[in-house]
Amino acid sequence: MATMNMIQAINSALDVMLDRDPKALIFGEDVGYFGGVFRATDGLAAKYGAKRCFDAPISEGGIIATAIGMGAYGLRPVVEIQFADYILPAYDQLVSEAARLRYRSAGDFWAPITVRTPYGGGIFGGQTHSSSPEAIFTHVTGLKTVIPSTPHDAKGLLIAAIEEDDPVIFLEPKRIYQGPFDGHPERPATPWSQHPASDVPEGYYAIPLGTANVVRAGRAVTVLAYGTMVHVALAAAAETGIDAEVIDLRSLVPLDIDTVTASVRKTGRCVIVHEASRFGGYGAELSALVQEECFYHLQAPIERVTGWDTPYPHAFEWDYFPGPARVGKALKRCVEAET
Amino acid sequence: MLRNSRLSLHIPEPPARPGDRPDFRHLDLRPAGETRRPEPETPAHEMRDMPYALVRVLDEDGQAQGPWARGLPPETLRKGLEAMLLTRAFDDRIFRIHRQGKTSFFMRSTGEEALAVAPSLVLEPGDMCFPTYRNVGFLMARDYPLLDLVNQIFSNARDPLKGRQMPVLYSARDYGFYSVSGNLGSRVGHAVGWAMASAWSGDDRIALAYIGEGTTAEGAVHEALTFASVYHAPAILAISNNQWAISSFQGVAGGEETTFAARALAYGLPGLRVDGNDFLAVHAAVSWAAERARSNLGATLIEFVTLRIAGHSTSDDPTRYRPDDEARAFPLGDPVERLKGHMIALGIWTPEDHEALVAACEERIRAAVKQGESIGTLGVTKPPVGTMFEDVFKTPDWRQIRQRREVEG
Ligand SMILES: Cc1ncc(C[n+]2csc(CCOP(=O)(O)OP(=O)(O)O)c2C)c(N)n1
C-alpha cells in the first residue's frame with residue numbers, strides 16, 4: 001500500500017498497465033516528456049520510452065481517430081484529452097465510429113480504447129474548463145462511461161477500463177485530483193492523505209465496471225452521486241444529520257441498477273446529484289429508472305440537485321456549483337415529504 | 001531496396017530540452033531584404049516559393065531593407081511602438097497581480113506583440129479580427145479602454161463580459177475584435193464565414209483570424225482553409241509560430257517536414273512566411289494580403305515566425321520542458337527592441353524618448369489596475385448573480401427563469 005492522491009493513483013494505473021501489457025500505449029497533448037498538464041503521465045515517457053507515451057498534435061478528432069485505428073490493429077491505446085470541454089471535436093469519432101465499430105462489422109473490428117479526460121468545475125475554469133459532459137456519452141449506445149471519486153477507485157477503475165475491449169470514456173473529476181472536496185471552497189483544502197481511500201495498492205487490481213459503491217449506509221433517503229459530488233453529498237448528510245444512504249455510482253454505463261434499486265426500495269426516497277446542468281442530464285435517466293423500477297416503494301418525489309441550465313460562469317462558480325447547502329435542502333424536502 | 005523488413009514509428013523530438021543549449025537552426029532564416037515581393041495581384045501558383053522564404057525588412061542595424069520596406073509614416077511607427085509597450089506593461093503587471101491571488105488565471109504575449117499590433121493598424125474599422133488569447137496587442141493598438149481589460153481580468157462588477165469568461169477571453173465587437181474562447185481553432189471558420197458574408201453582401205470588409213502553430217493540427221482549421229479557397233473568401237489567416245504549444249515543440253504540429261506557411265499550397269492559396277518580430281515585415285505582409293483580399297482575390301495564409309518568451313499561462317512551468325535561455329538565443333530578437341532601433345536609426349526617436357514612453361505606459365497600466373482594484377478583484381465584487389441566467393438565449397425560457405428565482409431567493 002502507498003498513500004496516493006488521485007493523480008498519483010491514475011499515474012500508477014497507467015504505469016501498471018504499460019508494464020503488464022506490451023500493446024498498451026499512451027498519447028495525447030503534452031502527455032509525453034512533460035507528463036501532462038495535470039501530471040497524470042509524469043515519468044512514464046522516461047520509464048517506458050517515447051514509443052509508449054508520446055505527445056500528440058492538438059487535434060482531438062485526430063487523437064481519437066488514430067486511437068481507434070490502432071485499437072483495430074490490436075494495440076490498446078489510452079489517450080488523454082486535456083480537458084473534457086475539448087473532446088467535442090472528437091465527438092463524431094466517438095459516436096459514429098468507436099461506439100459502433102463492433103456492431104456494424106458484426107464483431108469483425110472493435111475499438112479497445114480508453115479516453116481519459118479531466119472534467120468538472122471548481123477550479124475557476126469558466127465555460128471552457130469546467131463542464132461535465134457525461135450525459136452526451138451515456139446517451140450513446142456502445143460507449144462505457146466511468147467516473148471515480150477516490151484515488152483507490154480511480155486506479156482500480158482505470159485498470160478495468162484499459163482492459164475493456166470496448167471504448168471507455170474515463171472522466172476524471174479534476175477538482176478532487178489533490179484532495180476530497182466537500183463543496184465548501186471557503187474552508188482550507190484537505191489533502192487525500194487524510195482520507196482512507198488514499199490507501200492504494202502499488203500493484204495490479206481492477207474494480208469491475210458496473211459496480212456501485214455504498215459509501216454511507218442509511219435508511220432515510222438514497223442519494224445517487226458520482227465524482228466530486230459524492231463528497232458533497234456526504235457533507236450534506238453530515239450537516240443535515242439526515243441518515244442518507246449515499247451511493248457512488250462509479251460507472252454510469254454500465255450502471256449497477258441492482259444496487260440502486262435495492263437502496264431506493266429500502267429508503268423509499270431518492271435524491272440525485274450531479275454538477276452537470278439539469279435538463280437532459282444523466283440525473284434525468286436515473287430519475288426515470290428509479291421511477292420505473294421503484295414506483296411502488298417511493299414515498300416522496302424524486303429530487304434532482306444539479307448545475308443550472310447555463311454554461312459554467314467564471315465569476316459565479318460557487319453560485320453554479322450544487323454545494324452542500326443545496327443538496328441538504330433537497331435531502332430535507334425529500335425526507336419531509338409525505339405522500 | 002528502400003523496403004525495410006521492419007517499420008518503426010517516428011516520434012518527433014525537439015532540438016533542445018532543459019539543460020541543453022537552445023537550438024534554432026531549423027528556422028532556415030535569411031537576411032532582411034532578400035525575399036522578393038510579388039505584386040499583390042499575382043496568381044497564387046506563381047508564388048509557390050514564398051512559403052519557404054522569409055519576409056524580413058529590418059536588418060541588424062535597424063535599417064529597412066528590400067522590396068517589403070514600404071516607408072511607413074513616423075506616426076504609425078510611434079503608435080505601433082506604444083501599443084507594443086503598453087501590451088508588455090499590461091502583461092507584466094497582470095502577471096504579478098495574479099501572483100497576489102487577485103485573479104484566477106492569465107496569459108502573456110511577451111515577444112509576440114508585433115504580430116498583434118501591426119495588423120490592428122492595417123485593418124480598417126469595418127473589418128473583423130478573430131483573435132486568440134495571445135492577441136491583446138490588437139486592442140492596445142486601437143485604444144481599447146484599459147480599465148475594461150482590467151475589469152474583465154477581475155470578473156468584477158464592471159466586467160464587460162459580466163463575469164462569464166476566464167481572464168483574457170475578451171470580446172470587443174466595436175473594436176473589430178471577435179469573442180475569444182478557450183477552444184482552439186474553432187473560430188477560423190467563423191472568420192472565413194464572416195469574410196464570405198462580406199463578399200456575398202457586396203461590402204469591402206475583410207477578416208483576419210489568428211491561431212497558434214499548435215492549433216494548425218485541428219480539423220476545423222483545415223475545413224476553414226477549404227472554404228476560404230473554394231469561395232475566395234476575403235480573409236487573412238495568421239499563424240503565430242511561437243515554437244511551442246504548451247510543452248509541445250512545433251514539430252509535434254507537423255513543422256518538421258515543411259513550413260506552416262506551406263500549408264497554403266495544398267489549398268491553392270498564397271502563403272507567406274514572415275519574421276513575426278519585425279514590425280515592418282508584419283505590417284507589410286498583412287497590408288499585402290489585405291490588398292489582395294479587398295481586390296476580390298481571396299484569402300492568404302501567413303506564418304509569423306516568433307517565440308513564446310513567457311510560459312504558456314500562469315498555470316505553466318516552462319523550465320520543465322525547454323531550455324530557459326531561449327529568448328536570448330532566439331535569432332529574430334525582440335520586436336520592441338527592433339522597432340525602437342529602427343526609429344532611432346531613422347532619427348525620429350531617442351533612448352530618452354523611449355524611456356519616457358515606457359514609463360508613461362507603465363503608469364497608465366498601473367492607474368488602470370488601481371482603478372480596477374477599487375471596483376473589485378476576483379470574488380470581491382461581481383455583477384448581480386441573477387445575470388448569470390441572461391444571454392443563454394435572447395429571451396430566457398422557463399428553466400432560466402425558475403432557476404434565477406431560486407438563486408435570487
Ligand atoms: C480544442 C482544444 N484543445 C486543447 C486545448 C488546451 N490548450 C490550450 S492552449 C494549448 C496550446 C496551444 O498552442 P498554440 O496553438 O501553438 O498557441 P500558443 O499557446 O503557443 O500561442 C492547448 C493544447 C484547448 N484550449 N482547446
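Convention: sequence-line order gives letters A, B, ...; per-chain numbering from 1. Worth knowing before you read on, the calculation uses all heavy atoms, side chains too, and leaves out hydrogens, waters and symmetry mates. Computed from a predicted structure; not experimentally measured.
Comparing T310(A), I58(A), T128(A) by how many heavy-atom pairs each has under 4.5 Å with chain B, the most go to I58(A). With chain A as the partner, the residue from E406(B), K382(B), R17(B) showing the most heavy-atom pairs under 4.5 Å is R17(B). No other option in G32(A), G62(A), G61(A), G125(A) has as many heavy-atom pairs under 4.5 Å with chain B as G125(A). Counting heavy-atom pairs closer than 4.5 Å to chain B, the top residue among I123(A), D309(A), L88(A) is D309(A).
The number of heavy-atom neighbours closer than 6.0 Å to CZ of F227(B), taken from other residues, nucleotides and ligands shown, is 12 or below. Within a 6.0 Å sphere centred on CZ of R39(A), other residues, nucleotides and ligands contribute more than 12 heavy atoms.
Between Y178(B) and H190(B), the gap from one ring centroid to the other is short of 6.0 Å. Y86(A) and H129(A) have their aromatic ring centers within a separation under 6.0 angstrom. Between Y321(B) and Y33(A), a ring centre-to-centre spacing not shorter than 6.0 Å is recorded.
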For ring pair (Phe, Tyr, Trp, His ring centres under 6.0 Å), just list the numbers for F260(B) and F304(B), CA-CA rounded to whole Å, side-chain angles, deciding distance to a tenth of an Å, and then say yes or no. CA-CA 9 Å; F260(B) 291 97; F304(B) 292 119; over 10 Å; no

Is there a side-chain contact (heavy atoms from CB on, under 4.5 Å) between L25(A) and M70(A) once you walk through the steps? CA-CA 10 Å; L25(A) 79 162; M70(A) 288 180 169; 4.0 Å; yes

Under the criterion ring pair (Phe, Tyr, Trp, His ring centres under 6.0 Å), I'd like the reasoning laid out for Y210(B) against F130(B): C-alpha separation, chi angles, the key distance, then a yes or no. CA-CA 6 Å; Y210(B) 286 96; F130(B) 294 75; over 10 Å; no

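Relative to the ring axis of F279(A), R399(B) places its NZ or CZ within 45° and under 6.0 Å from the centre. The cationic group of R322(B) does not satisfy the cation-pi geometry with F249(B), failing either the under 6.0 Å distance to the six-membered ring centre or the 45° limit from the ring axis.
For residues 97-109 of chain B, heavy-atom neighbours of chain A at less than 4.5 Å comprise S104(B), sorted by residue number. Heavy-atom neighbours of chain B within the stretch residues 318-327 of chain A, taken at a separation under 4.5 angstrom, comprise D319(A), Y320(A).
In this structure, chain A has a heavy atom under 4.5 Å from the side chain of Q400(B), while its backbone stays farther away. Using a 4.5 Å cut-off between heavy atoms, D55(A) touches chain B through backbone and side chain atoms alike. Contacts between F124(A) and chain B at a heavy-atom distance below 4.5 Å involve backbone atoms as well as side-chain atoms. Residue contact with chain B, scored on non-hydrogen atoms closer than 4.5 Å, is absent for E317(A). Using a 4.5 Å cut-off between heavy atoms, P318(B) makes no contact with chain A at all.
Using a 30° and 60° split on the angle between ring planes, Y267(B) and H222(B) fall in the tilted class, from 30° to 60°. A perpendicular orientation is assigned to the rings of H312(B) and Y133(B), their planes being inclined by more than 60° (bins at 30° and 60°).
Proximity of a side-chain donor or acceptor of T41(A) to a complementary backbone N or O of G35(A) within less than 3.5 Å is detected. Here the side chain of D85(A) pairs a donor or acceptor atom with the backbone of S131(A) at under 3.5 angstrom.
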